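This report concerns only the one structure given below.
Just so it is clear, the structure is predicted and the values come from calculations on it, not from any experiment. Lettering follows sequence order; numbering is per chain, from 1.
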Amino acid sequence: MEGNIAWVLISTALVLFMTPGLAFFYGGMVRSKNFLAMLMQNFFAIGLLAVVWTVVGYSLAFGSAGDGGWIGNLDFLGMKDVGLGDGTVLPPILFATFQMTFAIITPALITGATADRLKFAGYAVLIGVWSILVYSPVAHWAFAGGWVAEMGALDFAGGLVVHINAGAAAIAVLLVIGARKGHGKEPMPPHALPWTLMGTGILWFGWFGFNAGSALAADGIAAQALFNTLVAPAAAMLGWLIVEKVKGKHVTTLGAASGAVAGMVAITPCAGFVGSMAAVIIGFAAGIICYLALFIKEAAKLDDALDVIAVHLVGGIFGSVALGLFADASINGIVEHEGLFLGGGADLLIDQIVASVAVFAFSLIVTYVIAKAIDATMGLRVDEETEQVGLDQVLHAETAYNNL
Amino acid sequence: MKIITAVIKPFRLDEVKEALKGAGVAGITVTEVQGFGRQAGHTEVYRGTEYQVDFVPKVRLELIVDEADVDRLVEVITNAARTGKIGDGKIWVTEAERLIRIRTGEQGHDAI
C-alpha cells in the first residue's frame with residue numbers, strides 16, 4: 001500500500017502541472033495581446049477550483065459513491081470525514097486531492113475555444129458554477145459508481161468526464177458569446193508556437209500522472225496505462241502529420257503538438273483497459289480523425305479559436321467509443337464485456353456510445369443555461385474596444401512582451 | 001551631405017555591412033522593417049488553415065555620406081545585396097540638410 005500511496009501522491013503533482021502546461025499550449029496559439037489573459041484563465045482555474053472542490057465539489061462528485069445515481073450528497077462538505085486512512089487503503093484525503101487536479105483542468109480546457117474574448121469576472125463565475133453543476137455530477141456518473149458506471153460504461157481517466165464534458169461545454173459557451181471580432185476576415189495566426197510545443201511537453205509529462213495515476217495503484221495496470229500514454233500520442237502525432245503532409249505540403253510543429261495532444265485525449269478513457277498495439281491503433285486513428293474534424297467548426301459556424309472541438313470533443317468521443325472495440329479483460333479484470341474486436345460483442349460499445357451521448361447532451365444543455373444566465377446579468381464577453389486593444393492590457397494592466 | 005537608404009533582404013545584411021566597412025564607411029543605422037513590393041508575400045499554414053502573409057521582412061539601412069562618395073557606396077551596396085532574384089530591394093538617396101554629432105557638437109562634414 002505504501003507504494004500505491006507514493007505513486008498517487010506523485011501523480012497528483014503531475015496532473016496539477018498539466019494546467020500550467022495547458023496554459024502555454026493555448027497561450028502560444030493566441031495573439032500576443034491576449035497571451036497573459038490566456039495564462040491567467042488557466043492559472044486562475046487552480047486558484048478558484050481547488051477551493052470550490054474542497055468546499056462542495058468533491059462531496060457532490062464522490063458522496064454516496066456506488067449508488068448508481070446522478071449526483072453525490074453533502075456528506076463530505078468542506079472535506080468533513082475525508083480522513084487520512086489507516087494505512088491499509090489509499091488515504092481518502094489523497095484520493096480527493098488527486099481528483100481535485102482533474103476538476104481543475106477540465107473547465108480550463110474550455111478556454112481554448114473561447115480565447116481572446118471572455119470577460120474575466122464572467123469567466124470566473126462560469127467555471128465556478130460549471131464545476132458544481134456540470135463537472136461534479138458527471139464525475140459522479142462515471143468515476144463514483146453513478147449511473148454511467150452501473151450501466152457498464154468505462155472511463156479509465158476521463159474521456160467522458162474530462163474531454164467530452166469540456167468539449168460540449170465549449171460548444172455551449174461559443175453559442176452564447178459568438179465569434180472573435182474580425183474572425184474569418186483578418187488573419188489570427190499563433191503568436192509564438194515555441195510556447196505551444198513547450199506546453200505540449202508539459203501536458204505529456206503530466207498525463208502520465210493523469211492516466212497511470214488513475215490506476216490508483218503502483219501495479220501492472222498503471223504500467224500498461226503509462227506505456228499507452230507514451231505510445232498512443234506518438235502514433236497520433238504520426239497520423240496527424242501524415243494527413244497534414246498529404247493534404248498540404250508541409251509537416252508543421254503545431255501539427256506535431258496537436259496530433260500528440262489528440263492522442264493523449266483519445267487514450268485517456270482507454271489507458272488501463274487496452275493492450276499495447278490497441279493503443280498504437282487508437283492513437284494513430286485519433287491523429288487522423290482529429291485532423292479531419294477540424295472542418296467541424298467551419299461547418300457549424302463556431303469560432304472555436306484553438307480547436308477544442310476537434311481535439312478534445314472528437315478525441316474524447318473517439319477514445320470512449322474505441323474502448324468499446326478494444327477493451328481487454330487480460331489487461332484489466334474490471335472489464336466485464338470485452339471490446340467488439342476482442343470477441344466481446346457489442347455490449348460495451350453500446351454502453352460507451354450511450355454514455356458519450358449522455359455526457360455530451362447534459363454538458364451542452366446545462367452549460368448553455370449557465371453561460372446564457374451569466375451573459376444576461378454580468379456579461380460574459382468583453383466590449384469591442386477591449387477586444388481590439390487586447391485583454392492583457394485592459395483586463396490585467398499588463399502585457400506579455402515589453403520592448404523598450 | 002546625402003542620406004543613402006537601402007531596403008534589402010535580411011540575409012544579405014552581413015555582406016552589405018562588411019562591404020561598407022571595407023569601403024571606409026564610419027557607421028550605419030539598421031532597422032528591421034516589413035513591406036511589400038514586386039515580391040509577393042508568402043503563405044503560412046496553421047492546422048490546415050492558410051494565412052496569406054503580405055508583408056515580407058526586410059532590413060532598412062541608412063547612412064549619411066559626403067556627396068562625393070554617393071555613387072561609389074551605392075554600387076558597393078548594390079553588389080553586396082544583389083541575389084538576382086525578385087525581392088532584392090531598393091536604394092534611394094536624399095538630401096541631408098544638417099548633421100550634428102551629439103557628443104561633441106560637431107556639425108556637417110565633420111560629424112560624418
> Of the backbone (N, CA, C, O) and the side chain (C-beta and beyond), which part of A:Thr252 lies under 4.5 Å from a heavy atom of chain B, both, or neither?
Replying inline: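 Answer is side chain: those atoms of A:Thr252 sit under 4.5 Å from chain B.
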Does [X] [atom1] have over 12 foreign heavy atoms under 6.0 Å away?
X	atom1	answer
B:His42	NE2	yes
B:Arg101	CZ	yes
A:Trp195	CH2	no

> Which residue pairs satisfy the salt bridge (charged side-chain N to carboxylate O under 4.0 Å, His left out) criterion with at least one member in residues 242-268 of chain A, sequence neighbours excluded?
Replying inline: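 For residues 242-268 of chain A: none.
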>> Can you list the residues of residues 45-78 of chain B that sit under 4.5 Å from chain A, counting heavy atoms only?
In response: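 Interface residues of residues 45-78 of chain B: B:Val45, B:Tyr46, B:Arg47, B:Gly48, B:Tyr51.
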>> Report, in residue-number order, which members of residues 163-189 of chain A are under 4.5 Å from chain B by heavy-atom distance.
In response: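 At a heavy-atom separation under 4.5 Å, chain B is reached by A:Pro187, A:Met188, A:Pro189.
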>> For residues 234-266 of chain A, which residue pairs pass the ring-ring contact (aromatic ring centres under 6.0 Å, His included) check, not counting sequence neighbours?
In response: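 Counting only pairs at least two positions apart or across chains, the ring-ring contact (aromatic ring centres under 6.0 Å, His included) contacts touching residues 234-266 of chain A are A:Trp240-A:Tyr291.
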